[in-house]
Asker: 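Can you read through this structure? Questions will come right after.
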Amino acid sequence: MTQTFTKDNTVLAKLFAEEDIHVVHRQAHTASFDVKKRELVLPILKFMSKDIQDLMTLHEVGHAFWTTVDMMRETSERKIHHSIVNILEDVRIEKMIQEKYKGSKVIFKRGYQELIKNNFFETKGKDINSYNLIDRINLHFKHHENVEFSDDEKVFVDRAAKLETEDEVLDLAEELYKYMEDNPETDKHDDGESDGKTVGNGESAPSG
């Protein structure tokens, strides 16, 4: 069954991306897309269903379409925490890929529900509302239930949902990091880096 998924999604990824990207299936922690090499990696997971593989394929194709090398460079030059940029960029490209392929919305919802059920985000038995703000934003947009935000935090959630451009992602990432620094109760990690897992780590988003 896994081999069938692999064959189908290699073709699917190339069709969706509208270019001859290199698709690799291997043992990996999660999916990723190398914006320089144009290589999409899909992991081989023991709980990999068709919905999960389709979700990961669509997610990384979103990076193929809309995440650029220039964004990676600017993230580094502006010294923005890449994990925050990564999560916000995930929000942006997932919204855009679902707008481009309307039928994919249900795939994202079902796929994330399966990942949560299989503890992909390592939240089982944990108080997710004690997580820092960027991790809670990540879980919220990954369809995790019962994620809570203060009124001030909801402003950042709403802005994340409306992101359209890479510049907007970078600017919001800077503002969000500063807010977390100024409001330590929103940030449980001393370095301000997110410990939250995403579907597309590695070079799928700005800084590898």
Side-chain angles (χ1 to χ4, degrees), residues 1-2 5-6 8-9 12-13 16-17 23 25 27-33 40-67 83-149 153-154 156-163 169 172 176 194-206:
M1 186 175 293
T2 300
F5 289 169
T6 298
D8 289 349
N9 280 72
L12 185 68
F16 279 145
V23 182
H25 298 258
Q27 296 293 333
H29 177 66
T30 187
S32 63
F33 182 73
L40 190 159
V41 174
L42 290 172
I44 300 172
L45 305 175
K46 62 181 179 180
F47 53 82
M48 182 71 83
S49 69
K50 189 70 168 69
D51 280 333
I52 291 174
Q53 189 156 19
D54 286 348
L55 157 64
M56 290 186 170
T57 299
L58 286 160
H59 177 99
E60 301 309 333
V61 166
H63 285 302
F65 272 127
W66 296 296
T67 302
S83 58
I84 296 178
V85 177
N86 186 53
I87 287 170
L88 295 179
E89 176 68 347
D90 280 356
V91 174
R92 182 179 79 98
I93 62 97
E94 286 194 353
K95 179 183 71 173
M96 294 172 75
I97 200 72
Q98 289 176 69
E99 288 174 352
K100 185 176 178 67
Y101 299 113
K102 301 294 186 183
S104 67
K105 290 184 179 181
V106 67
I107 293 172
F108 275 88
K109 185 174 182 178
R110 289 199 308 249
Y112 276 128
Q113 287 175 341
E114 284 196 52
L115 288 172
I116 292 166
K117 181 180 178 181
N118 285 284
N119 204 29
F120 178 82
F121 300 107
E122 298 177 359
T123 55
K124 191 172 292 185
K126 296 182 180 179
D127 178 10
I128 59 173
N129 290 309
S130 70
Y131 286 18
N132 69 18
L133 176 55
I134 189 60
D135 285 344
R136 282 181 282 126
I137 288 174
N138 181 42
L139 292 174
H140 170 74
F141 284 103
K142 297 293 190 284
H143 294 273
H144 210 295
E145 295 181 348
N146 303 317
V147 184
E148 298 175 0
F149 300 98
E153 291 172 344
K154 286 178 182 177
F156 290 99
V157 178
D158 292 342
R159 289 179 62 189
K162 296 175 183 177
L163 290 168
V169 170
L172 182 57
L176 184 53
S194 168
D195 287 340
K197 292 167 69 176
T198 65
V199 163
N201 275 329
E203 298 232 335
S204 61

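Note: hydrogens, waters and symmetry copies are ignored here, and every other heavy atom, side chains too, is used. Sequential numbering from 1 along the given sequence is applied to the chain's residues.
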Asker: Can you tell me how far CG of Asp51 sits from CD1 of Ile107, rounded to the nearest 0.5 angstrom?
Answerer: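 CG of Asp51 is found 6.5 Å from CD1 of Ile107.
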Asker: Can you name the side-chain hydrogen bond (donor to acceptor under 3.5 Å, both in side chains) partners of Glu153, sequence neighbours left out?
Answerer: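 Expected list: Arg136.
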Asker: Drop me the distance from Asp90's CG to Thr67's OG1, to the nearest 0.5 angstrom.
Answerer: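 These two atoms lie 8.0 Å from each other.
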Asker: Rounded to the nearest 0.5 Å, how far does CG of Leu58 lie from NZ of Lys105?
Answerer: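 Between atom NZ of Lys105 and atom CG of Leu58 there are 13.5 Å.
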Asker: Restricting to side-chain hydrogen bond (donor to acceptor under 3.5 Å, both in side chains), what partner residues turn up for His140, sequence neighbours left out?
Answerer: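 So His140 forms no side-chain hydrogen bond (donor to acceptor under 3.5 Å, both in side chains) with any residue.
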Asker: Phe141 and Ala160: which non-hydrogen atoms are nearest, and at how many Å?
Answerer: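 Heavy atoms of Phe141 and Ala160 come nearest at CE1-CB, 3.9 Å.
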Asker: Got Glu145 and Ile116 here, is their nearest side-chain heavy-atom distance under 4.5 Å?
Answerer: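 Not touching, per the 4.5 Å side-chain cut-off.
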Asker: State, to 0.1 Å, how close Ile93 and His59 come at their nearest heavy-atom pair, and which atoms those are.
Answerer: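 So the minimum-distance heavy-atom pair works out to CD1-O, 3.2 Å.
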Asker: Name all residues meeting the side-chain hydrogen bond (donor to acceptor under 3.5 Å, both in side chains) criterion together with Ser104; count only those two or more places apart in sequence or in a different chain, and write none if there are none.
Answerer: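 side-chain hydrogen bond (donor to acceptor under 3.5 Å, both in side chains) list for Ser104, sorted by chain: empty.
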Asker: What's the spacing between Leu172 CG and Ile137 CD1 if we round to 0.5 Å?
Answerer: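 Separation between the atoms: 7.5 Å.
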Asker: Whether Arg92 and Glu89 form a salt bridge (side-chain N of Lys/Arg under 4.0 Å from carboxylate O of Asp/Glu) is what I want to check.
Answerer: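 Counted as a salt bridge, because a side-chain N and a carboxylate O are separated by less than 4.0 Å.
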Asker: Not counting sequence neighbours, which residues clear ring pair (Phe, Tyr, Trp, His ring centres under 6.0 Å) with Phe156? List them please.
Answerer: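 Applying ring pair (Phe, Tyr, Trp, His ring centres under 6.0 Å) to Phe156 gives Tyr179.
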Asker: Using side-chain heavy atoms (C-beta onward) and a distance below 4.5 Å, is Tyr131 in contact with Thr123?
Answerer: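 Of all side-chain heavy-atom pairs linking Thr123 with Tyr131, at least one is under 4.5 Å.
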Asker: In Å and rounded to the nearest 0.5 Å, what is the CG to CD1 distance from Leu176 to Ile84?
Answerer: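 Answer rounded to 0.5 Å: 5.5 Å.
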Asker: Hey, could you give me the CG/CD1 distance between Leu139 and Ile128, rounded to the nearest 0.5 Å?
Answerer: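 Nearest 0.5 Å value for the CG-CD1 distance: 6.0 Å.
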Asker: Any side-chain heavy atom of Trp66 within less than 4.5 Å of one from Ile97?
Answerer: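 A side-chain contact under 4.5 Å exists here.
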Asker: Side chain to side chain contact (heavy atoms under 4.5 Å, CB included) between Leu55 and Arg110: does it pass, once the steps are laid out?
Answerer: CA-CA 9 Å; Leu55 157 64; Arg110 289 199 308 249; over 6 Å; no
Asker: With sequence neighbours excluded, tell me which residues meet side-chain hydrogen bond (donor to acceptor under 3.5 Å, both in side chains) with Gln113.
Answerer: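 Gln113 satisfies side-chain hydrogen bond (donor to acceptor under 3.5 Å, both in side chains) with no other residue.
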Asker: With Lys162, which residues qualify under side chain to side chain contact (heavy atoms under 4.5 Å, CB included), at least two apart?
Answerer: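 For Lys162, no residue satisfies side chain to side chain contact (heavy atoms under 4.5 Å, CB included) once neighbours in sequence are set aside.
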Asker: Is His144 close to Asn138 at the side-chain level, that is, under 4.5 Å between some pair of heavy atoms?
Answerer: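 Asn138 does not reach His144 side chain to side chain.
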Asker: Determine the interplanar angle of the Phe120 and Phe47 rings, folded into 0 to 90°, and report it as parallel if under 30°, tilted if 30 to 60°, perpendicular if over 60°.
Answerer: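 Taking Phe47 first and then Phe120, their aromatic rings stand perpendicular (interplane angle over 60°).
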Asker: Using side chain to side chain contact (heavy atoms under 4.5 Å, CB included) as the criterion, list what pairs up with Ala28, not counting sequence neighbours.
Answerer: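 For Ala28 the side chain to side chain contact (heavy atoms under 4.5 Å, CB included) partners, ignoring immediate neighbours, are Val41, Pro43.
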Asker: Test side chain to side chain contact (heavy atoms under 4.5 Å, CB included) on Arg159 and Leu88 and set out the steps.
Answerer: CA-CA 10 Å; Arg159 289 179 62 189; Leu88 295 179; over 6 Å; no
Asker: Is it the case that over 12 heavy atoms from other parts of the model lie below 6.0 angstrom from the CD atom of Glu99?
Answerer: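 Check passes, neighbour count above 12.
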Asker: For residues Lys154 and Phe149, report the shortest heavy-atom separation together with the two atoms involved.
Answerer: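 Shortest heavy-atom separation between Lys154 and Phe149 comes out as CE-O, 3.5 Å.
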Asker: Can you name the residues that form a ring pair (Phe, Tyr, Trp, His ring centres under 6.0 Å) with Phe108, not counting sequence neighbours?
Answerer: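 With neighbours one apart ignored, the set is empty.
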Asker: Mind checking side chain to side chain contact (heavy atoms under 4.5 Å, CB included) for Asp127 and listing every partner two or more places apart, or none if nothing turns up?
Answerer: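 Testing Asp127 for side chain to side chain contact (heavy atoms under 4.5 Å, CB included), a comparison that skips the adjacent residues, returns Asn129, Ser130.
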Asker: Can you find a pair of side-chain heavy atoms, one from Phe33 and one from Phe65, that are under 4.5 Å apart?
Answerer: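 No, their side chains stay 4.5 Å or more apart.
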Asker: Hey, does Glu60 have a side-chain heavy atom less than 4.5 Å from the side chain of His63?
Answerer: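 Yes, close enough: below the 4.5 Å cut-off.
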Asker: Compare every heavy atom of Met48 with every heavy atom of Ile52, then report the nearest pair and how far apart it is.
Answerer: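 Closest approach of Ile52 to Met48: CG2-SD, 3.5 Å.
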